[in-house]
Amino acid sequence: MGRGWHGGRGWRGKGGSEVPGAEDAAAWFAGRLPEGWFAGAPEVTVDRDEIIVVGELPALTEEYEDEAARAAAEAGRISRFREETREERIEIARQAEHRYQRKVAWGARLGGSEELFTTLAAPVMTRLRQPERKVLDTLVDAGVARSRSDALAWAVRLVGEHAEEWLAELRHAMSTVDELRAKGPDLG
């Protein structure tokens, strides 16, 4: 099969070795993070390339004149968290990157505000026939995107926004298949 997705079992990169599973990543981060960083367990999202850890910061207790002032206070608190925890987040990320062989990105949520800190933008290559290229070129010509690459990213975001429920069902079904495959006989 060469490099790439390998039969549902994981990513095969350079040298043919599989990236370790990260099924326990949420539990690992919950156990590893310092107490008091977040109100509850962080949300941990994993794909083949990256782990994103987003935690809810403790609620603001002050009163604010309006929503704009509250949003500014939330942004300020998230910024303070980012600066105060930088060194420790870097060390935890190094440990997780060694354990899971994926990059780690962080984020924080507070009230109606959420910020992700330095997430990975992974290149993806695809071959498109003329009808698909024309779609991308139309988006570029209309000023929706600066390039075909930006147009493709825009299209993927749009599909993700409008198909999230379907994609969630598909992910669940795939995890069920992986569980059944793991329970099956070892034919290797």
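Computed from heavy atoms alone, side chains included, the values below leave out hydrogens, waters and symmetry copies. Owing to the predicted nature of the structure, the values given are computational and were not obtained by experimental measurement. The residues of the chain are indexed from 1 along the displayed sequence.
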### Message
Check this for me: R146, atom CZ, are more than 12 non-hydrogen atoms of other residues, nucleotides or ligands nearer than 6.0 Å?
### Response
no

### Message
Quick check: closest heavy atoms across A122 and D49, and the distance to 0.1 Å?
### Response
CB-OD2, 3.9 Å

### Task
State whether E164 and R171 are salt-bridged, where the test is any N-O pair (Lys NZ or Arg NE/NH1/NH2 against Asp/Glu carboxylate O) under 4.0 Å.
yes

### Summary
In terms of heavy-atom contacts, R102 and D47 come closest through NE-O, 2.8 Å

### Task
Taking ring pair (Phe, Tyr, Trp, His ring centres under 6.0 Å) as the test, write out the residues that go with F38, two or more places apart.
F81

#### Entry: Worked verdict on T45 versus I51 for side-chain contact (heavy atoms from CB on, under 4.5 Å)
CA-CA 6 Å; T45 308; I51 299 172; over 6 Å; no

### Query
Between E50 and K103, is there a donor-acceptor pair closer than 3.5 Å when you use the side chain of the first and the backbone of the second?
no

### Message
Please tell me whether W28 and V53 are part of a single hydrophobic cluster in this structure, the criterion being side-chain heavy atoms less than 4.5 Å apart.
### Response
yes

### Message
Please say yes or no: joined through hydrophobic side-chain contacts below 4.5 Å, possibly via intermediate residues, are L110 and L33 part of one cluster?
### Response
yes

### Query
Does T118 reach the side chain of R82, with side-chain heavy atoms less than 4.5 Å apart?
yes

### Message
Hydrophobic clusters here meaning ILVMFWY residues chained together by side-chain heavy-atom distances under 4.5 Å, can you tell me if L57 and L60 are in one?
### Response
yes

### Summary
Separation between CZ (R99) and CZ (R32), nearest 0.5 Å, reads 11.5 Å

### Query
Between A151 and V140, which heavy-atom pair has the shortest distance, and what is it?
CB-CG2, 4.4 Å

### Query
Got a salt bridge between E97 and R94, using NZ or NE/NH1/NH2 to carboxylate O under 4.0 Å?
no

### Message
Has T85 got a side-chain atom pairing as donor or acceptor with E88's backbone, closer than 3.5 angstrom?
### Response
no

### Message
Can you tell whether the side chains of K134 and D137 come within less than 4.0 Å, N to carboxylate O?
### Response
no

### Message
Are I90 and V104 connected into the same hydrophobic cluster when the rule is that any two of I, L, V, M, F, W, Y join if their side-chain heavy atoms are below 4.5 Å apart?
### Response
no

### Task
Sequence neighbours left out, what passes side chain to side chain contact (heavy atoms under 4.5 Å, CB included) with L152? Give chain and number order.
T126, L136

### Task
Please list all pairs passing the side-chain hydrogen bond (donor to acceptor under 3.5 Å, both in side chains) test where one or both residues lie in residues 63-75, with sequence neighbours left out.
E62-Y64, E74-S113

### Query
Say you draw a straight line from CH2 of W106 to CH2 of W37; how long is it, rounded to the nearest 0.5 Å?
5.0 Å

### ring pair (Phe, Tyr, Trp, His ring centres under 6.0 Å): pairs with one or both residues in residues 113-134, sequence neighbours excluded
none

#### Entry: Co-membership, hydrophobic cluster, residues W166 and M174, 4.5 Å side-chain
yes

### Query
Can you check whether I92's main-chain N or O pairs, donor with acceptor, with Q95's side chain at less than 3.5 Å?
no

### Task
Return the set of residues passing side chain to side chain contact (heavy atoms under 4.5 Å, CB included) with E169 (not counting sequence neighbours), or none when no residue passes.
E165

### Task
Check the pair K183, D178 against side-chain contact (heavy atoms from CB on, under 4.5 Å), reporting the backbone distance first and the verdict last.
CA-CA 9 Å; K183 291 178 183 178; D178 285 344; over 6 Å; no

### Query
Hey, does I52 have a side-chain heavy atom less than 4.5 Å from the side chain of L116?
yes

### Message
Main chain of E56, side chain of R109: is a donor-acceptor contact present, judged purely on distance under 3.5 Å?
### Response
no

### Message
Checking R80 now: which residues fulfil salt bridge (charged side-chain N to carboxylate O under 4.0 Å, His left out) with it, not counting sequence neighbours?
### Response
E84

### Spacing of OG belonging to S149 relative to CE belonging to M125, to within rounding of 0.5 Å
12.0 Å

#### Entry: Where A25 and V46 come nearest, the two heavy atoms and their spacing
CB-CG2, 4.1 Å

